[in-house]
Amino acid sequence: MVDTHSYASLALSDAVYVADAGGNAILRVDYDGTVSAVAVLPTGDPILITAEIAAAAGLPACAADHEYRFEPVPTDVELGPDGWLYVTTLPGGPEDASLGARGSVHRVDPDSGDVELVATGFVGATGLAVSRGSGRIYVAEHFGGSDGTGQVSVLESGSDTPRVLTAISSPAAIELRKGDLYLTTDSVVPDATGAPQPIGKVTRIALAGDRHSDDSSQDWNRDSRHHSTDSSDEE
């Protein structure tokens, strides 16, 4: 079975990079249509399946007492100031905190395909934004926070320990522009029957006035890897 799910993309001057949530990979699509695999993200540490986990996940009872390696699910891809691709990943199920905060941020060398773990400890990491100036990474956690309703966390440059920036309802996508964060929020808020409601929003978080105020993507039209200056590529 071929499993592919093009979940997010990043258009640069040389190619479009795609987070494939089905293939657990980062793909490169050249502008002539050629598709190639940059990297397949590695599995995480194994989880011991208990009888309770098997029952909750709908696994057969015989799965209990066996270890299982979940496959990471890439949900977003962005370019970092070091020329590497930064990727948020879901743990491959369950995505909430029932088995711990297992969402992660990886970075991928687009030339060699090397993959490095930047940080873990996120719940429902559905998107990220990377500051060209400071190297900070902002992560949308769909199920983050003490009540699981969502939050935005931030990683300082070089840190592997996320801290909470703000609580926000059911965030999904996130972008950084001239010192402001833009998010899709209330993306999946079920009604009394469990059905999602048409209440999604685009929310702006102003970072000005604190130590994040220098974080801007206004110069991201200049692709640091290939020196593109086409203003039509500006984010």
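Of the N and O atoms on the side chains of Ser170 and Ser187, at least one donor lies less than 3.5 Å from an acceptor on the other residue. A donor-acceptor pair shorter than 3.5 Å cannot be found between the side chains of Thr126 and Thr75.
With contacts defined as side-chain heavy-atom distances shorter than 4.5 Å, the pair Pro162/Leu155 qualifies. Contact of the Glu116 side chain with the Asp109 side chain is not registered, since no non-hydrogen atoms from C-beta on lie closer than 4.5 Å. Taking the side chain as every heavy atom from C-beta outward, Leu207 and Leu181 approach each other to under 4.5 Å.
Within a 6.0 Å radius of CG in Asp191, other residues, nucleotides and ligands contribute more than 12 heavy atoms.
In this structure, CD on Glu95 lies 7.5 Å from CZ on Phe143, to the nearest 0.5 angstrom. Between Cys62 atom SG and Ile49 atom CD1 the span is 11.5 Å, to the nearest 0.5 Å. Rounding to the nearest 0.5 Å gives a distance of 8.5 Å between OG1 of Thr88 and OH of Tyr7. Rounded to the nearest 0.5 Å, atoms CG (Asp65) and CG (Leu48) are 6.5 Å apart. Atoms CG and CD1, from Leu176 and Ile137 in turn, are 12.0 Å apart once rounded to the nearest 0.5 Å. Taken to the nearest 0.5 Å, the OH atom of Tyr68 stands 10.0 Å off from the OG1 atom of Thr43.
The heavy-atom pair separating Leu99 from Pro94 by the smallest distance is CD1-CD, 3.3 Å. Val139 and Val105 get closest at one heavy-atom pair: CG2-CG2, 3.8 Å. Considering every non-hydrogen atom in both Asp186 and Lys201, the closest pair reads OD2-NZ, 2.5 Å. Annotation for Tyr31 and Leu12: closest pair OH-O, 2.7 Å, computed over non-hydrogen atoms. Residues His106 and Val118 share a closest heavy-atom pair of C-CG2, 3.9 Å. Here the closest heavy-atom approach between residue Pro81 and residue Gly135 is recorded as CG-CA, 4.1 Å.
Connection of Val16 to Leu85 is not established within any shared hydrophobic cluster, with ILVMFWY side chains joined at heavy-atom distances below 4.5 Å, either directly or through further cluster members. In the hydrophobic clustering of this structure, Leu165 groups with Ile168; members are Ile, Leu, Val, Met, Phe, Trp, Tyr whose side-chain heavy atoms approach within less than 4.5 Å, directly or through other members. The cluster map of Ile, Leu, Val, Met, Phe, Trp and Tyr, joined by side-chain heavy atoms under 4.5 Å apart, puts Leu90 and Leu41 in different clusters. Both Val154 and Ile205 sit in one connected hydrophobic cluster of ILVMFWY residues. Membership requires side-chain heavy atoms under 4.5 Å apart, directly or through other members. Residue Val73 is not grouped with residue Leu10 when hydrophobic side chains (ILVMFWY) are merged at heavy-atom distances under 4.5 angstrom, including chains of intermediate members.
No side-chain donor-acceptor contact under 3.5 Å links Glu141 to the backbone of Gln151. Between the side chain of Arg136 and the backbone N or O of Glu156, no donor-acceptor pair lies under 3.5 Å. With hydrogens and angles ignored, the 3.5 Å screen pairs a side-chain donor or acceptor of Asp20 with a backbone N or O of His5.
A salt bridge links Asp30 with Arg28; the closest basic N to acidic carboxylate O contact falls under 4.0 Å.
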(request) Please report the C-alpha distance between Val164 and Ser153 in whole Å, then the side-chain angles of each, then the deciding distance to 0.1 Å, and finally whether the side chain to side chain contact (heavy atoms under 4.5 Å, CB included) criterion is met. (result) CA-CA 4 Å; Val164 177; Ser153 293; 4.3 Å; yes

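When the options Asp76, Val108, Val115 are evaluated for a side-chain contact (heavy atoms from CB on, under 4.5 Å) with Val87, the one that passes is Val108.
A search for ring-ring contact (aromatic ring centres under 6.0 Å, His included) contacts involving His66 returns nothing, not counting sequence neighbours.
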